[in-house]
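Everything numeric in this text was worked out from a predicted model, so none of it was measured. Every number for a ligand or one of its atoms is a count from 1 in the order of the listing.
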Amino acid sequence: MTSKTPITPDVITIPRKVDVDILPNIIGLQKDALANALNEIGIPAKQIKMRTAQIWQWLYVKGAQTFDEMTNLSKDFRTLLLKSFSITRPEIITRQISNDGTRKYLLRVTGGHEVEAVFIPEKDRGTLCISSQIGCTLTCTFCHTGTQKLVRNLTPAEIVGQILIARDDLEEWDKSAGEKRNVSNIVLMGMGEPLYNTNNVRDAMLIAMDNEGIALSRRRITLSTSGVVPEIIRTGSEIGCMLAISFHATTDEVRDVLVPINRKHKIAELLDACRNYPKLSNSERITFEYVMLKGINDSDDDARRLVELISGIPAKINLIPFNPWPGSGYERSDWKRIEAFGDIVNKAGYASPIRRPRGEDIMAACGQLKSETQRSRKSAKQMADEVKGQ
Ligand code: SAH
Ligand code: SF4
C-alpha cells in the first residue's frame, strides 16, 4: 500500500569521477579468460594458475579496488597489472535509503548511461535486485521500465559489478566463511529482460557462483523473464539458477496486451518450456509472478484459470500488488481482492505469498525503476476495455 508517512529518504549524491578507464577491465572475465589475459602480458606459463587464483581472490573475496592492495603480489607484477588493466565498477551516482531500509543505487556505466540496483533487507536474508539491460525492448504496459527504450545490453562486468557495489556499500568484504552476509540472494528483476542478454547474464552469474569468489549458490539466484521461450531451457542448463516467470494473465487475449511478448510466444508454449525446465522439482519450484491490476486480471475466474494452467508444474505464485508510477493508467487491486485471489490459489495447493511493496517512497519497488522517456498513456478504463476486447 502506498505509504502515507512523510517521505524522508536518505539521499546521498556522489560526485562523478572523470571517465579515464581506457584499459581493459579485469572484472567480468571468466577464469580462463583472465588466465589468457595474464599470458598475453607475459606471465610465465607455470605461474599462470597461481596468479589467476590470487587475483580472483583479491577481486571477488576481498573486493580489491586497486592493484596496490594486492599485497601478496610483487611490486613489479602489480605495476605490470596497473599498466595493463583497470578495475572498473559501475559508479554510484546516488544512493537512496528508504524508510524501510531498502537501498536504491543509481549507477553510471560506460557511455554515461544509468541503471539501477536495489538492495532489500529482510529478517533472515538480503536480496539484491540487479539490472541486465539499460532500458528494455519489451513494452509491458504496466511496467515503468517498459516506457524506456533499450540503450544496450549490460556487459558481464557491469552485471557482476552491481554485486560488488552492494558489497562495498554494505561493508561485506573480508567476512569469514560461514559468517552471515547482507547480500545473500540475487534476483535478476531490475531493468531489462535478462533473456535478451542471456550470454552476458550467464557469464556474470558464473562469476557470482564461483566457489573461490563471491560463492553464491545457484539456488539463491532467481532469474525473471517475461517469457523468452527459446532461452528458458538454456537458462536451466547453462546457469542452473531458479526461474521466475512474469505471468500476469490467464488468457492469451489479456496477456497479449499486458506482456506483449505473448503475441510471439503464447501461454501454452511458455508453460511447455516451464514443464521442461531442468532440475524442476518440489524443492526447486518455478515462481510465477502475477501483478494485481484492478479490474484487469484479478477476478476469481482468473485465479481458477491460473491454477488450472500451471497444474503439474512445481510452482509458487508471487502476487505483486501493482506499484503505481506517474501516468501508468493502471490501479492496484484492493487488498481484499488480492487476498481472495490468493486464497483460491492457496486452496489449490500453491503457496501464494503477497509481495510486500518495498522502497516505494524512493520509487524502488518492482516495475518502478527509472525511465527517461514516457509513453503517453491511455486511461485505465480504455485499457480495461482493450483487454476485454471491446
Ligand atoms: N524483464 C524481466 C525482469 C524484470 S522483473 C521480467 O519482466 O520478468 C520485474 C518484475 O516486476 C516483473 O515480474 C514485472 O512484470 C513486475 N513489474 C513490472 N512493473 C510492475 C509494477 N508497476 N508493479 C508491480 N510489478 C511490476
Ligand atoms: Fe521489460 Fe520486464 Fe518491464 Fe516487461 S516487465 S517491460 S520485460 S522489464
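Here is the list of ligand 1 atoms found below 4.0 Å of a heavy atom in Gly192: 1 (N), 2 (C), 3 (C). Shown in contact with Trp325 at under 4.0 Å from a heavy atom are these atoms of ligand 1, numbered in order with element: 22 (N). Counting atoms of ligand 1 from 1 in the listed order, those under 4.0 Å from a heavy atom of Ser246 are 6 (C), 7 (O), 8 (O), 12 (C), 13 (O), 14 (C), 15 (O). Residue Glu289 has at least one heavy-atom neighbour below 4.0 Å for each of these atoms of ligand 1: 10 (C), 12 (C), 13 (O). For ligand 2 and Leu138, the ligand atoms under 4.0 Å from any heavy atom of the residue are 6 (S), 7 (S). Close contacts between ligand 1 and Phe322 involve ligand atoms 21 (C), 22 (N), 23 (N) [criterion: under 4.0 Å to a heavy atom]. Atoms of ligand 1 found under 4.0 Å from any heavy atom of Gly190, numbered from 1 in the order shown, are 4 (C). If you number the atoms of ligand 2 from 1 as listed, the ones under 4.0 Å from a heavy atom of Ser226 come out as 7 (S). Every atom of ligand 1 is numbered from 1 in the order shown, and the set under 4.0 Å from a heavy atom of Cys143 is 18 (C), 19 (N). Atoms of ligand 1 found under 4.0 Å from any heavy atom of Thr225 (numbered from 1 in listed order, with element): 6 (C), 8 (O).
Applying the 6.0 Å contact sphere to NZ of Lys279 captures more than 12 heavy atoms from other residues, nucleotides or ligands. Sparse packing is recorded around CZ of Arg220, with 12 or fewer heavy atoms of other residues, nucleotides or ligands lying under 6.0 Å away.
Among Gly146, Ser131, Cys140, Pro194, the residue whose heavy atom sits closest to atom 4 (Fe) of ligand 2 is Cys140. Counting only non-hydrogen atoms, the option in Met189, Met191, His248 that gets closest to atom 14 (C) of ligand 1 is His248.
Put simply, the residue from Asp256, Asp272, Asp252 that forms a salt bridge (charged side-chain N to carboxylate O under 4.0 Å, His left out) with Lys266 is Asp256.
When heavy-atom distances to ligand 2 are checked against a 4.0 Å cut-off, Cys143 comes that close only through its side chain, counted from C-beta outward. Under 4.0 angstrom from ligand 1, the non-hydrogen atoms of Val291 all belong to its side chain.
Looking at Phe142 next to ligand 1, an N or O pair under 3.5 Å apart turns up. In terms of polar-atom proximity, defined here as any N/O pair under 3.5 Å, His144 makes no such contact with ligand 1.
Here Cys136 reaches atom 1 (Fe) of ligand 2: one of its N/O/S atoms is less than 2.8 Å from the metal.
Phe142 has its ring centre less than 6.0 Å from the ring centre of His248. Taking the six-membered ring wherever Trp is involved, the centroid distance between the rings of Tyr290 and Phe341 falls below 6.0 Å.
Note that the OG atom of Ser74 and the CG atom of Leu80 stand 9.0 Å from one another [nearest 0.5 Å].
In this model, a donor atom of one side chain and an acceptor atom of the other lie less than 3.5 Å apart for Ser299 and Asp302. Side chains of Thr102 and Asp100: a donor-acceptor N/O pair is present below 3.5 angstrom, by distance only. Asn200 and Asp203 share no donor-acceptor pair across their side chains, judged by distance under 3.5 Å alone. Of the N and O atoms on the side chains of Asp298 and Ser333, at least one donor lies less than 3.5 Å from an acceptor on the other residue.
Salt bridge Glu122/Arg125: present, at least one basic N to carboxylate O contact under 4.0 Å.
Here the protein heavy atom with the shortest distance to atom 2 (Fe) of ligand 2 is Gly192 O, 4.5 Å.
Residue contacts with ligand 1 do not include Ser328, since none of its heavy atoms lies under 4.0 Å from the ligand.
In this structure, Ile286 is a member of the same hydrophobic cluster as Val345, with clusters built from ILVMFWY side-chain heavy atoms closer than 4.5 Å.
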